[in-house]
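Down below is the structure, laid out as structure tokens.
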Protein chains: 2
Amino acid sequence: METTQHAGEPGAAERRRRELLEAADRVVLRDGPKASMNAIAAEAGITKPILYRHFGDKAGLYQALAVRHTDALLDSLRAALDAPAERRSRVEATLDTYLAAIEARPQVYRFLMHPAEDSQAAERGFDVGLHSAPLLRRLGEELAQVVGERVDLGPDGERLARIWGHGIVGMMHAAGDWWLGERPCDRAELVAGLTDLLWGRLATAGNRADGPGF
Amino acid sequence: METTQHAGEPGAAERRRRELLEAADRVVLRDGPKASMNAIAAEAGITKPILYRHFGDKAGLYQALAVRHTDALLDSLRAALDAPAERRSRVEATLDTYLAAIEARPQVYRFLMHPAEDSQAAERGFDVGLHSAPLLRRLGEELAQVVGERVDLGPDGERLARIWGHGIVGMMHAAGDWWLGERPCDRAELVAGLTDLLWGRLATAGNRADGPGF
DNA sequence: CGTGTGGGTTACCGCTAGTAACACACACTT
DNA sequence: AAGTGTGTGTTACTAGCGGTAACCCACACG
């Protein structure tokens, strides 16, 4: 309404698109990942077909929203991962950054973690169709790259780095999700526990005297 | 149809329920997690309201389906975890059992991993509402219990065990999901890589000579 | 004979994602 | 000046979903 609404300047479409994305953002933050296209259109002060003209379908809009937030999160994670400090401190800082982010804006987190809603999938090949959220895939690949190019893992190090990248990200995600739901301890304790795990304490810990052994 | 369809014997309702669950299972295996109630009812040779009488709502049916499969998977995982062998071998066996299961029946896996669809959630408290699949929560708690009662983790060991339980399960899940989608290596290699990670190889590996260091 | 009560159905509600068809305003061309 | 896009917007619709109200009918029991 308040913008010049005829054609003319070429940047108009992009600006409009950003406005729509911000409206969608507001609705998703309010209603969670089940926000409907109707609601988003209403929030933006327009009607559904416009949304579909800009984003194709719901998956397109959600993806456009997701990449914004994912990019932002990735930037801060990269910063933590690249800080000048010893390895363990950097891992701790990265875990803490991630957990702080999901703690600060759980609705965004929940939206980002939603699996990819097939989009036009409909049996590409035949089946499976990844379940994990795209965010997790990106984080895993990103971490794999950092590890692979910095840590000496011998031959086949690249492949091992990818395994580790996805594994570590999954560990961080699942532990974070559980922690966010139950709040069993404060953030620092969770970070310390996970880092201990990554640092091999499972291998070196002794059996309990009263247990059946492990 | 083939069963006595009037009332009478008291076990009839439970048998019917099992029949319905098996029909639902077939449909979910065929159509994935977006199988509709209509389709399930049709497969069972009846109509929707009967399904709703038995299971309340879709989440109820899905949960009933999920617990069956989850119980089965948990049993085999427990067996691997309890086998008489040294710790590392058992961890490897457990990882391998899980990965073999999701490899053998990816549709079941995909169904089980679907987040809990709120059910009657509707803002209990106000927000967040766990995102992870119930299966992952159960696996995490189960592993936490095993670790907590067998490994000596000092004071606060129980809490640390829960952190590790959920973290390890998340690692296994994310790595498995990625592996199932891309098949970058065979199962044994993935198992070995993850076990190396859990055994602290990240801490001891040196920096690459050509990299910026980590 | 009457009267539940359980298994079953049809027909609907309100909602969703997505689309077709139409209407207006501007700009550029002939 | 008249036409002809082209982009922006609308209304009104389809098909399908989860879920439910209302009704039906066969049997068992008093």
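Residue numbers start from 1 in every chain, and the chains themselves are labelled A, B, ... in the order their sequence lines are given, proteins ahead of strands.
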Whole angstrom value for the distance that separates [atom2] of [N] from [atom1] of [X]:
{"X": "Leu51(A)", "N": "dT16(C)", "atom1": "CG", "atom2": "P", "value": "14 Å"}
{"X": "Asn38(B)", "N": "dC15(C)", "atom1": "CG", "atom2": "P", "value": "19 Å"}
{"X": "Arg53(A)", "N": "dT19(C)", "atom1": "CZ", "atom2": "P", "value": "12 Å"}
{"X": "Phe55(B)", "N": "dG19(D)", "atom1": "CZ", "atom2": "P", "value": "13 Å"}
{"X": "Tyr52(B)", "N": "dC17(D)", "atom1": "OH", "atom2": "P", "value": "11 Å"}
{"X": "His54(A)", "N": "dG7(D)", "atom1": "NE2", "atom2": "P", "value": "11 Å"}
{"X": "Ile50(B)", "N": "dA22(D)", "atom1": "CD1", "atom2": "P", "value": "19 Å"}
{"X": "Met37(B)", "N": "dC17(D)", "atom1": "CE", "atom2": "C1'", "value": "11 Å"}

Assign Ser36(A) to base, sugar-phosphate, or nothing according to its heavy-atom contacts below 4.0 angstrom with the strands shown.
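Sugar-phosphate, backbone atoms only, no base.
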Any donor-acceptor pair under 3.5 Å between the side chain of Lys48(B) and the base of dG19(D)?
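When only heavy-atom distances are counted, Lys48(B) does reach the base of dG19(D) through a donor-acceptor pair under 3.5 Å.
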Side chain of Lys58(A), heavy atoms from C-beta onward: which of dA20(C), dA17(C), dG8(C) has the nearest atom to it?
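Given the options dA20(C), dA17(C), dG8(C), the side chain of Lys58(A) is closest to dA17(C).
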Under 4.0 angstrom between Thr47(A) side-chain N/O and dG9(D) OP1 or OP2
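So the side chain of Thr47(A) is outside the cut-off, no N or O lying under 4.0 Å from OP1 or OP2 of dG9(D).
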Indicate yes or no: at least one non-hydrogen side-chain atom of Arg105(B) is less than 4.5 angstrom from one of Arg110(B).
no
Is there a side-chain contact between Gln63(A) and Phe55(A), using heavy atoms and a 4.5 Å cut-off?
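Counting from C-beta outward, Gln63(A) and Phe55(A) never come under 4.5 Å.
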Assess Arg201(B) against Trp199(B): is NZ or CZ under 6.0 Å from the centre of the six-membered ring, and within 45 degrees of the ring's axis?
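No, Arg201(B) does not sit over the ring of Trp199(B).
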Suppose we screen for side-chain hydrogen bond (donor to acceptor under 3.5 Å, both in side chains). Which residues come up paired with Asp96(A), at least two apart in sequence or across chains?
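Partners of Asp96(A) under the side-chain hydrogen bond (donor to acceptor under 3.5 Å, both in side chains) test: Arg187(A).
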